[in-house]
Structure formats: C-alpha cells, structure tokens
Amino acid sequence: MLWLGWVQPAHAYLDPGSGSLLLQIILGGLAGVAIAGKLFWTRILDFVGIKKAETAETESDAQG
C-alpha cells in the first residue's frame with residue numbers, strides 16, 4: 001500500500017474528442033453485441049423448432 005504514495009505525475013491530458021471516441025466505441029460495441037445476440041438467438045429457436053411453429057400460427061391468422 002505504500003507504493004501508492006510514490007506515483008509520479010503522468011503529464012498527460014485527454015482531448016475533448018477522446019470522450020466522444022470512447023462513447024462511440026462503447027455504443028458501437030453494444031450495438032454489435034445486440035445484433036449478434038439476436039442472430040444467435042434466432043438460430044437457436046430455429047434449431048429447436050419454436051420459430052417455425054410461431055410462423056405457421058401467424059400465417060394462418062393472416063389468411064383467415
């Protein structure tokens with residue numbers, strides 16, 4: 001714990017654009033994860049057969 005007192009100053013700064021860049025990276029990553037998750041979940045439902053049953057019900061409701 002004593003080494004925390006011996007930290008040297010970094011003599012650095014963050015541009016105003018750095019926050020914008022970090023925000024874009026975070027939001028882009030979240031959007032990518034959301035899309036990948038949706039595609040993956042759809043494939044799981046198709047494999048199990050749940051999605052096909054829902055589609056058949058929707059088509060029969062639309063016709064009659």
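Not counting sequence neighbours, the partners of S18 by the side-chain contact (heavy atoms from CB on, under 4.5 Å) test are L14, D15.
Separating the CG atom in L22 from the CG atom in L27 is a distance of 11.0 Å, to the nearest 0.5 Å. Note that CG of L21 and CD1 of I26 are 10.0 Å apart. Values are rounded to the nearest 0.5 Å. To the nearest 0.5 Å, atoms CZ (F40) and CG (L45) are separated by 10.5 Å.
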